[in-house]
Amino acid sequence: MKQSWFHLTPLTRRRLAQFRANRRGWWSLWLFLLLFGLSMSAEFIANDQPLLVYHRGTLYVPVFKDYAETEFGGVFPSAADYRDPYLAKLINQDGWMLWPPVRFSYNTVNRNLPVPAPAPPSAENWLGTDDQGRDVLARLIYGLRISILFGLLLTLSSSFIGVAAGAVQGYFGGRVDLLFQRFLEIWGGLPQLFILIIVSSVVVPGFWTLLLILMLFSWTALVSVVRAEFLRARNLDYVRAARALGMSDSRIMFKHMLPNAMVATLTFLPFILSGSIIALTALDFLGLGLPPGAASLGDLLRQGKENLQAPWLGISGFVAVALMLSLLVFVGEAVRDAFDPRKTAL
């Protein structure tokens with residue numbers, strides 16, 4: 001019988017069974033993936049452009065391509081504003097428009113509010129608007145996408161650097177370990193917030209600028225964990241045998257020792273991801289994060305603080321952040337239980 005290419009070892013199957021046995025962590029993972037998938041398709045859920053437009057026998061896809069107003073019988077050659085009643089009337093006379101569930105993007109201003117902004121929840125704005133008339137639900141969906149993508153990129157990049165640094169430090173030990181430890185003590189004592197303030201006063205902070213700055217300080221989170229695993233394993237028999245056979249240091253480190261160190265590393269990743277999301281949210285809340293106008297959970301929380309008469313702003317931002325972080329913590333607990341040899345699946 002032909003063996004499947006995807007073969008799970010008994011240890012991996014046991015860990016997967018232990019992870020699934022933690023029902024709270026198992027369902028939290030699926031719920032988090034669902035939220036991430038919905039946020040990645042934000043343009044199809046919340047957009048001020050229709051998904052499809054059928055006009056005079058021709059099918060248009062405004063969600064992917066911009067069309068001029070003259071395409072639909074308008075006067076101006078500029079990009080079509082499908083929320084304009086005049087253009088909507090022209091299209092509906094000889095066709096139809098298929099809109100997403102939320103007819104606002106993260107930067108769309110609702111200029112037809114019955115009350116001054118911020119407006120309370122209504123049939124048009126399900127979670128109300130912020131102090132600039134932008135739809136809160138749309139900004140939540142786009143803000144979740146930016147926060148999760150930022151957290152994933154920061155977690156992966158900082159973990160790669162931290163694992164490599166901890167592996168080198170723990171494997172060679174001695175003077176390398178001593179000098180690296182002193183460097184980490186100095187590096188960890190740098191005022192991260194002050195550096196961000198200085199950088200934001202020189203350049204306009206953006207997604208990649210914040211990612212680079214935070215990565216410079218967050219990569220140290222896994223160094224101590226990987227270093228301890230390599231210090232413990234460097235004198236074990238299988239490492240000595242590999243050296244005696246003439247295997248190179250890099251191959252010993254990353255082929256034989258790193259898989260054992262990754263057990264402890266993987267249990268920290270969900271918590272590092274939640275910390276990365278908190279870092280971006282906190283910077284946006286302080287005004288040191290993404291540029292003004294960008295979809296941001298921290299900006300929504302800041303608006304809730306500044307507009308106490310509009311409780312839907314603070315409540316929406318708090319529920320979104322609390323739910324996302326709670327799911328990641330539950331997933332992290334399940335991953336920790338899965339790699340714990342003292343626990344067995346029921």
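What's counted below: heavy atoms across the whole structure, side chains too, no hydrogens, waters or symmetry copies. Keep in mind it's a predicted model, so treat the numbers as computed, not measured.
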**Student:** Can you sort out the partners of E333 under side-chain hydrogen bond (donor to acceptor under 3.5 Å, both in side chains), two or more places apart, ordered by chain and number?
**Tutor:** R24

**Student:** Who are the ring-ring contact (aromatic ring centres under 6.0 Å, His included) partners of F194, not counting sequence neighbours?
**Tutor:** none

**Student:** Checking side chain to side chain contact (heavy atoms under 4.5 Å, CB included) for the pair F268/V225: CA distance, chi angles, key distance, verdict?
**Tutor:** CA-CA 9 Å; F268 280 92; V225 178; 3.8 Å; yes

**Student:** Got a sec, which residues hit salt bridge (charged side-chain N to carboxylate O under 4.0 Å, His left out) with E43, two or more places apart in sequence or on another chain?
**Tutor:** R145

**Student:** For L211 and F150: C-alpha separation, side-chain torsions, deciding distance, then whether side chain to side chain contact (heavy atoms under 4.5 Å, CB included) applies.
**Tutor:** CA-CA 7 Å; L211 181 65; F150 184 89; 3.9 Å; yes

**Student:** Give the intermediate values and the outcome of side chain to side chain contact (heavy atoms under 4.5 Å, CB included) for residues L35 and W30.
**Tutor:** CA-CA 9 Å; L35 292 176; W30 284 108; over 6 Å; no

**Student:** Check for me, please, whether M215 and L290 land in the same ILVMFWY cluster - side-chain distances under 4.5 Å, paths through other members count.
**Tutor:** yes

**Student:** Side-chain contact, heavy-atom cut-off 4.5 Å: Y67 with Y82?
**Tutor:** yes

**Student:** Which hydrophobic side chains are connected to L308, either touching it within the sub-4.5 Å cutoff or through other members that do?
**Tutor:** none

**Student:** Kindly write out the residues that satisfy side-chain hydrogen bond (donor to acceptor under 3.5 Å, both in side chains) with S296, not counting sequence neighbours, or none if the list is empty.
**Tutor:** D284

**Student:** Distance-only, no hydrogens or angles: does the E69 side chain make a donor-acceptor pair with backbone N or O of A80 under 3.5 Å?
**Tutor:** no

**Student:** State, to 0.1 Å, how close R14 and Q18 come at their nearest heavy-atom pair, and which atoms those are.
**Tutor:** NH1-OE1, 2.5 Å

**Student:** State, with a plain yes or no, whether a side-chain heavy atom of F19 is found less than 4.5 Å away from one of D337.
**Tutor:** no

**Student:** If you look only at pairs with a residue in residues 157-174, which of them pass as a side-chain hydrogen bond (donor to acceptor under 3.5 Å, both in side chains), with sequence neighbours excluded?
**Tutor:** Q169-D177, Q169-Q181, Y171-R243, Y171-D249

**Student:** May I ask you to decide if the ring planes of F32 and F36 are parallel, tilted or perpendicular, using 30° and 60° as cut-offs?
**Tutor:** parallel

**Student:** Applying salt bridge (charged side-chain N to carboxylate O under 4.0 Å, His left out), which residue pairs with at least one partner in residues 100-116 are found, sequence neighbours left out?
**Tutor:** none

**Student:** Sort and list the pairs that fulfil salt bridge (charged side-chain N to carboxylate O under 4.0 Å, His left out) and have at least one residue in residues 123-143, not counting sequence neighbours.
**Tutor:** R83-E124, D130-R134, D130-R139, R139-D299

**Student:** List the residues meeting side chain to side chain contact (heavy atoms under 4.5 Å, CB included) with L38, not counting sequence neighbours, and say none if there are none.
**Tutor:** L34, I45

**Student:** In terms of ring plane angle, is the pair W187 and F183 parallel, tilted or perpendicular, where the classes change at 30° and 60°?
**Tutor:** parallel

**Student:** Considering residues at least two apart in sequence or located in another chain, which fulfil the side-chain hydrogen bond (donor to acceptor under 3.5 Å, both in side chains) criterion with R15?
**Tutor:** none

**Student:** Is there a donor-acceptor contact under 3.5 Å from the side chain of N22 to the main chain of G25?
**Tutor:** yes

**Student:** How would you list, by chain and number, every residue that makes a side chain to side chain contact (heavy atoms under 4.5 Å, CB included) with T58, sequence neighbours excluded?
**Tutor:** Y60

**Student:** I'd like to check F72 versus R56 (side-chain heavy atoms, cut-off strictly below 4.5 Å). Are they in contact?
**Tutor:** no

**Student:** Please check if the side chain of T155 supplies one atom and the backbone of L152 the other of a donor-acceptor pair under 3.5 Å.
**Tutor:** no

**Student:** Among L300, L301, L286, which residue satisfies the side chain to side chain contact (heavy atoms under 4.5 Å, CB included) criterion with T281?
**Tutor:** L301

**Student:** Shortest non-hydrogen contact from G133 to A117?
**Tutor:** N-CB, 3.7 Å

**Student:** For the hydrophobic clusters of this structure (ILVMFWY residues joined by side-chain heavy atoms under 4.5 Å, transitively), does one cluster hold both L258 and L231?
**Tutor:** no

**Student:** Cluster question for you: counting only ILVMFWY and a side-chain heavy-atom cut-off of under 4.5 Å, with indirect links fine, are L156 and W208 together?
**Tutor:** no

**Student:** With sequence neighbours excluded, what pairs up with Y54 under the side-chain hydrogen bond (donor to acceptor under 3.5 Å, both in side chains) test?
**Tutor:** none

**Student:** Give a yes or no on whether the backbone of N125 and the side-chain of T129 come within a donor-acceptor separation of less than 3.5 Å.
**Tutor:** no

**Student:** Is it true that a side-chain atom of Y142 and a backbone atom of A46 form a donor plus acceptor pair closer than 3.5 Å?
**Tutor:** yes

**Student:** Short question: side chain of W312, backbone of A119 - any donor-acceptor pair under 3.5 Å?
**Tutor:** yes

**Student:** Is the shortest heavy-atom distance from the side chain of L214 to the side chain of L283 under 4.5 Å?
**Tutor:** yes

**Student:** Could you tell me whether R182 atom CZ has more than 12 heavy atoms of other residues or ligands within 6.0 Å of it?
**Tutor:** yes

